[in-house]
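For the numbers below, each heavy atom of this structure counts, side chains included, while hydrogens, waters and symmetry mates do not. Ligands are counted one by one from 1 in listed order, and the atoms in each one are counted from 1 as well.
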Amino acid sequence: MVDYARKGGERMYCRVIVDIVHENVAKPFTYLIPEHMQLIPGQRVAVPFGSREKEGIVIETMPESDVPAEKVKAILRQLEDYAAVPPELLALAGEMAGKAHCPLAETLRLMLPAQMRGGRIRVKTVRTARLAVTADEAEKAAAADRRGGKRSQLIRLLLSGEEKTVRELSDTVRDPADALKKLARDGIVILSEQESLRTPHDAYTEVRDPGYDLTEGQQEALDEILPRLREKGGRFLLHGVTGSGKTEVFMKAVRETLAIGKCAIILVPEIALTPQMVSWFRGRFGAVAAVIHSRLSAGERYDEWRRIRRGEARVVIGARSAVFSPVEKLGLIVVDEEHESTYLNDRRPQYDTRDIAESRCNRESATLILASATPSILSFARARRGDYILLEMPYRVNDRPLPEVEIADMREELEKGNRTVLSGALRRALKECTEKGEQAILLMNRRGYNSFVSCRSCGYVVKCPNCDISMTYHIGDANGKLRCHYCGTEQRPPVICPVCGGHYIRYFGAGTQKVEEEVHRLLPDVPTVRMDYDTTGTKDGHGKILEEFRSGRARVLIGTQMIAKGLDFPQVTLVGVVAADMALNLPDYRSRERAFQLLTQVAGRAGRGQQSGRVIIQTYRPNDPVIGFAAKQDYRAFFESEFRRRRNGLYPPFTVLARLLAESADEGKAVRAAETLRNRTDELLQSHPEWQRKVLTILSDVPSVRFLKGKYRRHILIKALVSTETDAFFGTLTALASEDADDTEIWFEINPNTMM
Ligand code: ADP
Ligand code: ZN
């Protein structure tokens, strides 16, 4: 794999990207490869940099130096004897850096487990021993140890000829180290260090291949996918209603991928929320599957990465960063629940996992499957345009019907004097469902007990001292607390209003804790379980809660949007959406899309088993079209309406939204930085009329949250037409944003997840 063979005393050079993210060093540096060393692109090395030692990645080797030879320093050593970044990922990092206009060092970091950098994690080794001599000779040596001491015991243990770890030997022989060393010195035993892998697998129960007969929809989808998968690869959008059996389609596609000697990557929005998918894959593919889990220890993560890099693990399941898995011979990438916003990485370097997956598939002739019951507007529009082959699975497996959806008008409930969070209809349905021994899911998209605390006299709302955000009231074991959902700050609720001194402090709005309390009041004997950020903080918190529900010990599951995704519980016959309007009220052009997705997905949790399902959506806006589309679970109608609205309102995908955000602990500095950015943006546009023509609006604005985690914020919003000129303009802005500002952090985001 080495580019050039080293002949005679010929000197060899390489270009290295040093692992420092700074504009000034955002270029490769040339180094000399010492005589005894062989390097290939993608290998990690230690290099002298200024007066210090730094890590870097070789991106190119060459026979001659491009800088004066006397200025070239030599590579100090190689960090591994293989290319940590394989060629495809090296190319991908280059492409990403070009597109995101950021230093290559920054995108290269995505390609490696974070802990690998800076030597913070090492290969774990175990000491082993085996015989160096024949069994006969060993017997003789053992017999010579007449006292029957450690020596003879150790030799007897090794007589089988198998290599044993020193640890295993110490189960039988106490403190064998010294005796083993002596045996090694006498030439009877060979001691060595072996790499060992920290595999986190035992956490998952394995299940067998269920051997289903495929449904017609599954068969038709596979008939399209498999032939292309065997050839040059294809791009698909799999739109299948909830419960149509999309997972089985992936499984079959993965099996085919392995059969033709290639590897597969399965991406899920959040691995902790997909334990079923993970256990299905592990059950069917065993040790060939690697699971990249956010709760893996650093060592486990590194070892899973190495199993993938060595080709021992050929199916990778993980969240967005798994798209960078160093599999060789990539055959398939699946992006499950492709509409989820977790696929967008908002932090630097910004990327959309779906774009990366597509780019990898193009580069490596692999097949891409984007899958969802509620595809993103973006992906569905692209499928309609012909970028993806659209595969539809409109029916549930075994002809199970989609659940019946009813709307409960909460305005009428108020009129009837019902001030609780549960409508009459939902109360009756919950009673019926649990009396029949079935299970229910209640979605409440906010955690805590009350959503805000306010003074009745003057209207003061308690806000976080570090954020411009109202604090949420949480009940606890002893007494309640106010908590900020952004920075976690906690404080005791005030008794007297700090502004007017009044005594009318009141609690408003509901969260999951309140819903749980209502359910307990209604059904005192029914065990419930609550799943939200507060109850899932511990290691395997998600797993324990889901197991509680799966086993049937808990009959009602109450939770935030984390319960809406991908769960498959056959006993669930009732789903209640406690406050559907919450998602619709967000000030974001995507709020309708997100509300539709959330409602449809959570409705899809009902009636997946033998019994049919029922869904009750509680709302103050029963006539809102989005609620109507979700109630009918009519994706097409929703898509058409939303697509039209985006076109008329000039929203993405018809335009690109970008923002420059300045954050500083000093408000004046944030304001000045934003002003400077605005001026420079205007200057740029004046000198580039061709960019100017593509820009629709520029707003220098105060964000909806002007103070967050102790920092003041100002932003500039830019809306522009989709075009190469816009790309060029935004590229220049990225570079601008990476320059230092006075005690101020500058962020540049394109179509960010949140405009907050
Ligand atoms: P989706 O992801 O499309 O919502 P799943 O893949 O979770 O649906 O499948 C729903 C349920 O149907 C699962 O319990 C799965 O085991 C089962 N299933 C999938 N395919 C079949 C089939 N061909 N026959 C019977 N059951 C199936
Ligand atoms: Zn806060």
Side-chain angles (χ1 to χ4, degrees), residues 207-222 237-254 266 268-269 273-281 283-284 334-340 369-375 391-403 448 452 461-472 474 481-491 550 564-572 575 597 600-611 613 633 635 663 665 705-713 756:
V207 290
R208 299 252 151 261
D209 191 329
Y212 297 130
D213 291 329
L214 293 179
T215 66
E216 211 170 295
Q218 288 170 331
Q219 190 60 57
E220 281 172 14
L222 285 165
L237 175 63
L238 176 58
H239 173 216
V241 297
T242 54
S244 57
K246 294 185 283 296
T247 315
E248 192 59 31
V249 174
F250 311 154
M251 300 267 202
K252 291 282 190 296
V254 169
I266 315 297
V268 294
L273 296 175
T274 30
Q276 289 162 308
M277 171 96 106
V278 169
S279 68
W280 285 339
F281 270 93
R284 290 211 214 169
V334 173
V335 185
D336 192 23
E337 312 286 1
E338 69 86 26
H339 61 277
E340 285 288 341
I369 305 177
L370 304 177
S372 175
T374 52
L391 305 170
E392 305 246 32
M393 299 206 296
Y395 305 109
R396 285 187 154 183
V397 294
N398 295 340
D399 295 322
R400 279 168 211 149
L402 281 169
F452 65 101
V461 173
V462 184
K463 287 194 171 179
C464 171
N466 302 312
C467 308
D468 178 22
I469 279 173
S470 53
M471 296 186 90
T472 308
H474 288 249
K481 277 199 189 97
L482 290 175
R483 192 176 295 157
C484 171
H485 285 186
Y486 285 86
C487 71
T489 297
E490 288 190 343
Q491 64 185 45
R550 163 170 306 286
K565 297 171 197 170
L567 301 179
D568 184 31
F569 296 116
Q571 298 301 316
V572 173
V575 164
Q597 287 162 347
T600 312
Q601 293 283 349
V602 74
R605 303 308 117 210
R608 292 166 78 91
Q610 299 303 323
Q611 263 64 44
Q633 297 173 75
Y635 177 80
E663 283 188 317
V705 177
R706 60 165 68 211
F707 186 52
L708 194 67
K709 295 186 183 175
K711 292 206 169 130
Y712 293 89
R713 315 162 81 237
M756 191 174 73

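Within the 4.0 Å heavy-atom criterion, the part of Arg608 lying near ligand 1 is the side chain and not the backbone.
Distances under 2.8 Å from the Zn ion (ligand 2) pick out the protein N/O/S atoms Cys464 SG, Cys467 SG, Cys484 SG, Cys487 SG.
For ligand 1, the polar-atom distance check against Gln218 finds a nitrogen or oxygen pair separated by under 3.5 Å. Considering backbone and side-chain atoms alike, Trp280 places every N or O at 3.5 Å or more from each N or O of ligand 1. Geometrically, ligand 1 and Gly245 share a nitrogen or oxygen pair separated by less than 3.5 Å. For a threshold of 3.5 Å applied to N or O pairs, the pair formed by Arg400 and ligand 1 contains no separation below that value.
Contact atoms of ligand 1 toward Val241: 3 (O) (distance under 4.0 Å to a heavy atom of the residue). Taking every heavy atom of Asp213 and a limit of under 4.0 angstrom, the matching atoms of ligand 1 come to 22 (C), 23 (N), 24 (N). Each of the following atoms of ligand 1 lies closer than 4.0 Å to a heavy atom of Thr247: 2 (O), 5 (P), 6 (O), 7 (O). Close contacts between ligand 1 and Asp568 involve ligand atoms 11 (C), 13 (C), 14 (O) [criterion: under 4.0 Å to a heavy atom]. The Thr215 neighbourhood of ligand 1 comprises atoms 23 (N), with distances under 4.0 Å to a heavy atom of that residue. Close contacts between ligand 1 and Thr242 involve ligand atoms 4 (O) [criterion: under 4.0 Å to a heavy atom].
Annotation for Gly243 and Arg608: closest pair N-NH1, 3.4 Å, computed over non-hydrogen atoms. Heavy atoms only, all atoms of each residue included: Pro403 and Gln633 are closest at O-NE2, 3.3 Å. The shortest non-hydrogen separation linking Met471 to Thr489 is CE-O, 3.3 Å. Heavy-atom minimum distance, Trp280 versus Thr247: CE3-CG2, 3.5 Å.
How far SG of Cys484 is from NZ of Lys463: 11.0 Å, rounded to the nearest 0.5 Å.
Side-chain N or O atoms of Arg396 include none that pairs as donor or acceptor with a backbone N or O of Leu402 at under 3.5 Å.
Ring geometry for His485 against His474 counts as perpendicular: the plane angle is over 60°, on a 0 to 90° scale with 30° as the lower cut.
Not a single heavy atom of Gly240 sits under 4.0 Å from any atom of ligand 1.
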Before giving the answer on side-chain contact (heavy atoms from CB on, under 4.5 Å), spell out for Gln491 and Val462 the whole-Å C-alpha distance, their side-chain angles and the decisive distance to 0.1 Å. CA-CA 10 Å; Gln491 64 185 45; Val462 184; 3.7 Å; yes

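Atom CZ of Phe569 sits in a crowded spot, with more than 12 heavy atoms from other residues, nucleotides or ligands closer than 6.0 Å.
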